[in-house]
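Quick notes on the structure that follows.
The chains referred to below are lettered A, B, ... by the order of the sequence lines, with proteins before strands, and numbering in each begins at 1.
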2 protein chains.
Amino acid sequence: MDKMTDTIEAFLSLRRKATINDVARLAGVSKKTVSRVINNSPSVHARTRDAISEVIARISFQPDPQARGLAFRRSFLIGLIYDNPNAQYIVNMQMGVLDRLRGTGNELVVHPCDWRSDDFIPELRQFLEHQRLAGVIILPPIAEDRRLLDLLDEMEVPRVRVTARAGASNQPTISGQEIVSHDHIGCAEASAHIALLGHRRIGYIGGNLDYPSAHERRRGFDAGLAQHGCAIAPDLDEGGNYSFASGYEAGQRLLTRPDRPTAIICANDEMAAGAYKAAYESGLRIPQDLTVVGFDDAPIADRLSPPLTTVRLPTRDMARMAANLLISPEPSTISHLQVDSKLVVRGSSAKAPNP
Amino acid sequence: MDKMTDTIEAFLSLRRKATINDVARLAGVSKKTVSRVINNSPSVHARTRDAISEVIARISFQPDPQARGLAFRRSFLIGLIYDNPNAQYIVNMQMGVLDRLRGTGNELVVHPCDWRSDDFIPELRQFLEHQRLAGVIILPPIAEDRRLLDLLDEMEVPRVRVTARAGASNQPTISGQEIVSHDHIGCAEASAHIALLGHRRIGYIGGNLDYPSAHERRRGFDAGLAQHGCAIAPDLDEGGNYSFASGYEAGQRLLTRPDRPTAIICANDEMAAGAYKAAYESGLRIPQDLTVVGFDDAPIADRLSPPLTTVRLPTRDMARMAANLLISPEPSTISHLQVDSKLVVRGSSAKAPNP
DNA sequence: ATTATTATGGTAACCGGTGTCATAAGCGTA
DNA sequence: TACGCTTATGACACCGGTTACCATAATAAT
């Protein structure tokens, strides 16, 4: 025992990064046995395991991911693939993934891409062929792209999709694991909230229909209103594309009508901010003259005056869950994890003005 | 030649990822020679090189980064290290780095961290020891952290700092490569712009003094005003911390005074948005009653009503340059690259009201 | 023509882990 | 005590590249 300690100290004085060979030598076993300990192989005697673990701790050995990856024929990198302009969303997702990855020896490789490009699939194929990723997480809207999913299947890359649409909807079922956000829950809360405030003439500014979220949210808003026997006025049903500009323009159209709405529901906060601008320019006060609600709880939501009533999705948690599906030791049989959105009431919603 | 083609086709029909051994066999040379071609070693006959390149192209061989990394004792990963709450800034930086990395076989590993944590340095040490990164890019404000820089030196990790402060200032010089943003240039333009509009009673809401940018920007604003013989009123000089809330509070203090300013300069857009809110609540119209300018050209800048006059930094270009310093083949002797900021005039600045 | 020099390619060992398979150790049973 | 059976460990080749060093062919000098 003393002799071993001596040798360890001799090793430490070298100030060199430890390898599996060092551990094997210092513990007096073969490197294969050390490898077994690292990988929690069952057939190692408890005594041996403890001795080796001791040495590993003393010389703070960490297996080299490159070497391990080479032998395993896969890396310890998780890829995050997306084409999404919402910076806060992306950063939240990254944080969530990293929350789960921290301490596991896996790292996060970010890979934004251009969905519209002809090169979209070839570029991703090259990326995936080059890096043998431990897994990838795909964010909306490209989580719906069949070509991408097929590519991942073909290359046998473990994947988790993040999406707003449950596989059960009109889309053909997509196999594999997914995190499904129930956008409609919070939306129903939000629109019910508006109905309860007495609004009956209600306008809508919708999201980009390429995004499943646009459909999910609309579904939720409709449901919440229906609960109270009301609905979005058909003549106040505007299409948008999730951008500030589209919200502004739709807002102008809605608010310059003689029979303008007393409340506007927006499929995201960006468009709600656009609606604010239109309201401001029309001389309408929020919430006295006009109620506005959004979706996302984006940073802009509480920068607006008054702060925006909106719906929040636990983005970071979703990312954590996605990462967990990829790296948790026992391959989960669960393929669909669902999370709910939630109404956040702030200052932009108030009782409908008396007629 | 035909025989070779046959063999290549035979190989292609295997649909297997190509290795250096395949290339060597198909080209009829040793793997060492292929390695020489991959690494642009000079002593390979042109004829040999062409033949090998041909095979490489035909079977679309790409050297495995894991194996290469193992032999080179370094990875092909660039780390981006930061502790910065500005999502748009982070995403822009990531995009810029990726712009440069695309096609080079290097990937981006993001590593946000917590500067205030006791674990800050140990955590990073572990990260760096574990992944033998090809290089790291450090963003403000932690690009100023001595401990971190010393750690990187000790571990001999190539690094590029992104900072607003030139090494020449009061801080002891920091060796190594850096991208220095000249925040003061655009700030001077902005404040000169205000002076030219006739404002003389000018308030200021400053940034977090832990950030070098806060000092740089102030320096620029002062210089621009001084050019026109004016200055920030000492009694209107408020401290902020770059947050919306701090801008709002400082704005309230400034605008509820009887001798309120006709213009407020903010060290970033978030605080400018806060000042907008304070102005709105005081019943002041922007820009008729109050001129506001910010810094960053954040997304919020043109969501505000009216759109904010601000200063833009070529964030993405900076990141591209930083990545370039790390991966360009010839190790650049240039250690300081400088970029300028630029005034963006929008609707929040106008002539000073007549007294 | 012969030797010295250079250009080029090959062999073997290595980077730091893993898989396969054979063997040694432990252990109840006859 | 001998026997098989299970469990624990080690030897060795391999993952896909690299460098160190040596051998040979081509070229220049004597």
Is there a side-chain contact between Ile138(B) and Leu80(B), using heavy atoms and a 4.5 Å cut-off? no
Taken in chain and number order and not counting sequence neighbours, the residues that satisfy ring-ring contact (aromatic ring centres under 6.0 Å, His included) with Phe61(A) are none
To the nearest angstrom, the CZ-C1' distance between Phe76(B) and dG16(D) comes to 12 Å
When the rotation axes relating C1' atoms of four end pairs to the next four are compared across the helix from dA1(C)-dT30(D) to dA30(C)-dT1(D), five pairs an end, they differ to 10° by 50°
Between CG of Asn40(A) and P of dA8(D) the distance, given in whole Å, is 14 Å
Cationic tip of Arg125(A) above Phe127(A) ring, under 6.0 Å, 45° of axis
no
**Asked** Taking OP1 and OP2 of dG10(D), is either one under 4.0 Å from a side-chain nitrogen or oxygen of Thr33(A)?
**Response** yes
Protein-proximity profile, nucleotides 13-21 of chain C, B/S/- by nucleotide at the 4.0 Å heavy-atom cutoff, equals --BBBBBB-
Would you say the side chain of Arg25(B) lies within less than 4.5 Å of the side chain of Val55(B), judging by non-hydrogen atoms? no
Tell me, please, whether Phe120(A) has Arg116(A) positioned over its six-membered ring: NZ or CZ under 6.0 Å from the ring centre and within 45 degrees of its axis? no
note: His45(B), atom NE2; dT6(C), atom C1'; distance rounded to Å ~ 14 Å
#### Entry: Check: Leu149(B) and Arg161(B) side chains under 4.5 Å, non-hydrogen atoms
yes
Of all heavy-atom pairs linking Glu129(B) and Lys17(A), the shortest is O-NZ, 3.1 Å
Atom CZ of Arg16(B) and atom C1' of dG16(D) are separated, to the nearest Å, by 12 Å
Contact between Gln94(A) and Val110(A) at the side-chain level, heavy atoms closer than 4.5 Å - yes or no? yes
